[in-house]
Amino acid sequence: MDKFRMLFQHFQSSSESVMNGICLLLAAVTVKLYSSFDFNCPCLARYNALYGLGLLLTPPLALFLCGLLANRQSVVMVEEWRRPSGHRRKDPGIIRYMCSSVLQRALAAPLVWILLALLDGKCFVCAFSSSVDPEKFLDFANMTPSQVQLFLAKVPCKEDELVRDSPVRKAVSRYLRCLSQAIGWSATLLLIILAFLARCLRPFFDQTVFLQRRYWSNYVDLEQKLFDETCCEHARDFAHRCVLHFFASMQNELQARGLRRHPAGGSPEPCTVPEPPEDLDSGSGKAHLRAISSREQVDRLLSTWYSSKPPLDLAGSLGLWGGGLSHRAPALALGTRLSQHTDV
């Protein structure tokens, strides 16, 4: 159980490992889908190619889109590409690195489907049975062109009466299946060679640029995650303070009208305003969140984050961003109470 927990924490902390796991899962699902799929060619000259090529290319397209949707970095990449420059310049190399990483993971499942379909050969036979040159087979010499086209269209359907137990059908089917498997194995070998070259030749290129782009691509992803978490934390804290302020204001109003009495029906309670908890406004290390205490400040903060992100220079950005919102409303000091007119 401890090993499983450590493995789960590793996947949770590493987005790259999560994406690799999702990639492998999609590839396994692809194999399962293809093995359980019932292939039925229409065996009509006008529809064989459409059905065969559609089944060869449409599922990979759907799997490719699923891979893009499952990969969070695809959204981060588009946001980084479309964002205004502001105080932080955009590096096209980082976007290219993220695009390459996203495409490599998203193409895994589609390539598995296409290679399985080519090695199996059913889709290829259905799609190109009508395109076979009849001159390669001597048995078509006694047939008219229309009979040849009808016969070739029926080749994928071995149970059809026209081609049942026909040696010509077996020859054409075997020819197309061998051609499909040759293409499939050639594509597999080509992909393996490309992966081998990419792995072996990468040390010969500048590793500094690679490390920089990998670092900043991870930074962009983690920065967006931390910003979302901080926004949720501030929204929770802001809502908590607004709710406490609401109940404190209602208690003051009831006491001012003399409507709040003791449970036993005695005299009105003394007018005391409940104090917020001590750790709500002091000593919790969240003064940077509570300094943003109005709706206008929050809206401007979110707009500024999108339109003009802070520069990646912590030493030089303190003066620029430390008091960037102070003209809207003064920052709340530690230990101070909420204003009675908090804007929600």
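All heavy atoms count here, side chains included; hydrogens, waters and symmetry mates do not.
- Atoms CD and OG, from Gln212 and Ser217 in turn, are 11.5 Å apart once rounded to the nearest 0.5 Å.
- Between Tyr34 and Asp120, the side chains place a donor N or O and an acceptor N or O closer than 3.5 Å (distance only, hydrogens not considered).
- Contact of the Arg164 side chain with the Lys158 side chain is not registered, since no non-hydrogen atoms from C-beta on lie closer than 4.5 Å.
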Check against salt bridge (Lys or Arg N to Asp or Glu O under 4.0 Å), Glu80 and Arg83: CA-CA 5 Å; Glu80 179 68 15; Arg83 72 169 176 86; 3.1 Å; yes

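- A pairwise comparison of heavy atoms in Ala127 and Leu53 identifies CB-N, 3.9 Å as the closest pair.
- Each of Val112, Leu118, Ile114 was compared with Leu116 under the side chain to side chain contact (heavy atoms under 4.5 Å, CB included) criterion, and only Val112 meets it.
- In this structure, the side chains of Tyr219 and Leu312 come closer than 4.5 Å at one or more pairs of heavy atoms.
- The SG atoms of Cys126 and Cys41 lie less than 2.5 Å from each other.
- Of the inter-residue distances, the one linking Arg88 atom CZ with Ser308 atom OG reads 9.5 Å to the nearest 0.5 angstrom.
- Both Trp216 and Trp81 belong to a common hydrophobic cluster when Ile, Leu, Val, Met, Phe, Trp and Tyr are linked at side-chain heavy-atom distances under 4.5 angstrom.
- Leu119 and Leu111 fall into different hydrophobic clusters, where Ile, Leu, Val, Met, Phe, Trp and Tyr side chains are chained together by heavy-atom contacts under 4.5 Å.
- The shortest non-hydrogen separation linking Leu302 to Cys231 is CD2-SG, 4.0 Å.
- Within the 4.5 Å cutoff, side-chain heavy atoms of Val132 are placed close to those of Phe137.
- Linking Ile, Leu, Val, Met, Phe, Trp and Tyr whenever their side-chain heavy atoms come within less than 4.5 Å puts Val168 and Leu150 in one cluster.
- Rounding to the nearest 0.5 Å gives a distance of 6.5 Å between CZ of Phe124 and CG of Leu176.
- Closest non-hydrogen pair, Asn71 versus Arg105, comes out as ND2-CD, 4.0 Å.
- Between atom OG of residue Ser166 and atom CZ of residue Phe151 there is a gap of 3.5 Å, rounded to the nearest 0.5 Å.
- Within the 3.5 Å criterion, the main-chain N or O of Ser293 finds a donor-acceptor partner in the side chain of Gln297.
- The line from CG of Asn218 to CE of Met98 is 8.5 Å long, rounded to the nearest 0.5 Å.
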Check against side chain to side chain contact (heavy atoms under 4.5 Å, CB included), His234 and Val298: CA-CA 10 Å; His234 180 268; Val298 175; 3.8 Å; yes

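- Residues Val148 and Met143 come closest through the heavy atom pair CG2-CB, 3.6 Å.
- Side-chain atoms of Arg295 and Asp299, non-hydrogen and from C-beta on, do get closer than 4.5 Å to each other.
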Stepwise side chain to side chain contact (heavy atoms under 4.5 Å, CB included) check, Leu61 with Leu57: CA-CA 6 Å; Leu61 178 60; Leu57 301 177; over 6 Å; no

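- Put simply, the side chain of Tyr306 reaches to within 4.5 Å of the side chain of Pro84, judged on heavy atoms.
- Between Ala153 and Ser129 the shortest heavy-atom distance is CA-OG, 4.3 Å.
- With Asp237 contributing its side chain and Glu233 its backbone, the two residues share no donor-acceptor pair below 3.5 Å.
- Considering only heavy atoms from C-beta on, Thr144 comes within 4.5 Å of Gln147 through its side chain.
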Worked check of side chain to side chain contact (heavy atoms under 4.5 Å, CB included) between Gln181 and Arg177: CA-CA 6 Å; Gln181 291 178 351; Arg177 192 179 294 270; 4.0 Å; yes

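- To the nearest 0.5 Å, atoms OG (Ser101) and CZ (Arg213) are separated by 13.5 Å.
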Check against side chain to side chain contact (heavy atoms under 4.5 Å, CB included), Leu115 and Leu191: CA-CA 11 Å; Leu115 292 178; Leu191 291 175; 4.1 Å; yes

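- Checking side-chain atoms of Ser173 against main-chain N and O of Lys170 turns up no donor-acceptor pair under 3.5 Å.
- Heavy-atom contacts from other residues, nucleotides or ligands closer than 6.0 Å to CD of Glu135 number 12 or fewer.
- In the hydrophobic clustering of this structure, Val102 groups with Leu65; members are Ile, Leu, Val, Met, Phe, Trp, Tyr whose side-chain heavy atoms approach within less than 4.5 Å, directly or through other members.
- Side-chain rings of Phe39 and Tyr51 approach one another, their centers coming within less than 6.0 Å.
- Under a hydrophobic-cluster definition in which Ile, Leu, Val, Met, Phe, Trp and Tyr are linked whenever side-chain heavy atoms come within less than 4.5 Å, directly or via other members, Leu222 and Val220 are assigned to different clusters.
- Here the closest heavy-atom approach between residue Asp206 and residue Val209 is recorded as OD2-CG2, 3.4 Å.
- Gln224 places a side-chain heavy atom less than 4.5 Å from the side chain of Asp228.
- Side-chain contact between His87 and Pro310 is absent, with no heavy-atom pair separated by less than 4.5 Å.
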